[in-house]
Amino acid sequence: MSRVVEVWAPLPERVELEWAPAGSGEDPRREPMTPAGDGWWRHELPEGSGEVDYAFVLDGEDPPLPDPRSAWQPGTVHGPSRTVDTGAFPWTDDAWRGPREGAGSLGAVFYELHVGTFTAEGTFDAAVARLDHLAALGVDVVEVMPVAAFPTDRGWGYDGVGLYAVQDSTGGPAGFARFVDACHARGLGVCLDVVHNHLGASGNYLARFGPYFTQAHETPWGPAVNLDHDGSDVVRAFLLDGVRRWFRDFHVDVLRLDAVHELKDDSPRHYLAELSDEVAALAAELGRPLDLVAESDLNDTVMVTPTADGGRGMTAQWDDDVHHALHVTLTGETQGYYTDFGGTPGSGGTTPLAVLAKVLTRGFLHDGTYSSFRGRDWGAPVDTATLDARRLLGYLQTHDQVGNRATGERISALVTDPGLQAAGAALYLLAPTTPMLFMGEEWAASTPWQFFTSFAEDWLADAVREGRRAEFGGHGWSADEVPDPQDPATRDRSVLDWSEVEDADHARMLRWYADLIGLRTRLLPGGPTRLDDVTVAVDEGARTLVLRHAPADSAPYAVVVALDEGRLDVPVPGAADVLLAWGEASVADGAVTLDGPGAAVVSLTP
């Protein structure tokens, strides 16, 4: 059977295909492509050509450029693309119905990992050897940070330029397929982090082919992806086809969409709404749930409102306010965007505990209130009576909140007592929102997670290096304290140390997380939840907080948190039995006695 190669390239007047049998080392042939209309070019390869390495020559200019829809970039994003027959992967997951036996990802326990630092090898095959740990922990969905092909071999993945490809150094497309298959074999769903709002600076050749970007909108990375100007119909199709590829060809269950507030789109039908409807149609075709999770800075649940009601139709959205409120309460840090979470008049709370109480019951701190960090009113109120609270993801750590600190400290390095991390974990893992852990959090990993890159271009490496130093210099860090992103040791320091899991203190935290997740499964067995069913009482003097949750279809419970040292009696009317505690805890006369810092979970009389 012959193979047809196509490319959308409305800008050049002439396009040639340079190709050779995959991995043969033969000198490539260069053959003209035929215009096919509307900016498309095509070329039919000879019968029996098999898999090939290929690139496009635009208007005779060297070097040849990789395919914008490349399935694989062996070795480098600057070289030829390689075709891949995804139908040849030896899948074993025919019986897979989706996360949680087909219930989908709402309310599931997510676990965010970066494959390049999850293990020392930094590959998907090495990560498979650790999946039993995640299954035993009680994880439902493994969220993998971006795998799109990026320059060289070290990076977070947000500088990807081959949006259809899988980074070669992690195992390429076949390695990712083996990983997804292995996850499904253990009952684990897979969420893939994808970046549609920008491409990296090195290896981004899309503008040579066509109007993939537009000067009409600006983003932090430069001109915006073209979603609403000339040529945008093909650009939108380019992104949507990539989404279908991950779901259909790689059996992925969920996509996490990076920084959707930077998807600038003034067209009558927003790109996200179109994406949502396309994914819903594909889910019906494939017969399993397919979900979309948005990282949104907008604090507006229009993001998770159905498209039929004028919303963007996302399944769920990240809720950074949960992180910020927990972080400030547990660490005392109030710099930068944490300022309002320390408590300000008009924001909804004048102390960190009051802010945390608002976020746990109202979803956001900034829900139309003034944000001093942004210098304006921000967000919109949450309809706590009708919104399914599972549409908000809550967390204590993420790659952003750890890695974008100057030295990448985890919460376990910032709190004065491990009981404080235990308390924070209890609050978000037993809230009605959907919880997400960051890799290593479950055992209070001692390794930092730092920002690292491996750009080959000196100008780009220097710009990133100096940019990090300048950013954190404004916060009081000296240049010597900020790790060099280009130094291989920065990545190496960020690799999880799996030997810690056996250490007594780390093992205690791991048991706590596993017990909390197991308890969540009992207390919140499934179905919609509401923030209206949550009440929070705080005692500023004693530094205690009691979260009470009375779900509609299951038994009520309370999470009791003490932030200071010492033995405390915390009033909890209706408290019945201690279900789980960090340290010793007991119930008597409508009060819970526990040692702080720490937390206890108690049942409540209906």
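Positions are given from 1, in the same order as the sequence printed here.
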Ring centers of Y395, W318 separated by less than 6.0 Å
yes
Less than 6.0 Å separating the ring centroids of W449 and F438?
yes
Between H114 and F452, does the ring centre distance come in under 6.0 Å?
yes
Residues at least two apart in sequence or cross-chain that pass side chain to side chain contact (heavy atoms under 4.5 Å, CB included) with R508, listed by chain then number, are R511, W582
E584 atom CD: more than 12 heavy-atom contacts under 6.0 Å:
no
Give me the ring orientation class for H184 and W96: parallel if the planes are under 30° apart, tilted from 30 to 60°, perpendicular past 60°.
parallel
Given Y111, which partner from the list E441, H133, E442, E143 fulfils the side chain to side chain donor-acceptor pair (under 3.5 Å) test?
E442
Validation row: H323, Y338 side chains within 4.5 angstrom (heavy atoms):
yes
Tested for side chain to side chain donor-acceptor pair (under 3.5 Å) against N299, the lone hit among D321, D319, D367 is D321
Less than 4.5 Å apart, any side-chain heavy atom of P99 and any of D140?
no
Taking only Lys NZ, Arg NE, NH1 and NH2, and the carboxylate oxygens of Asp or Glu, determine whether D258 and R256 approach each other closer than 4.0 Å.
yes
Per the side chain to side chain donor-acceptor pair (under 3.5 Å) rule, what does the pair list look like for residues 519-530, sequence neighbours excluded?
R530-D533
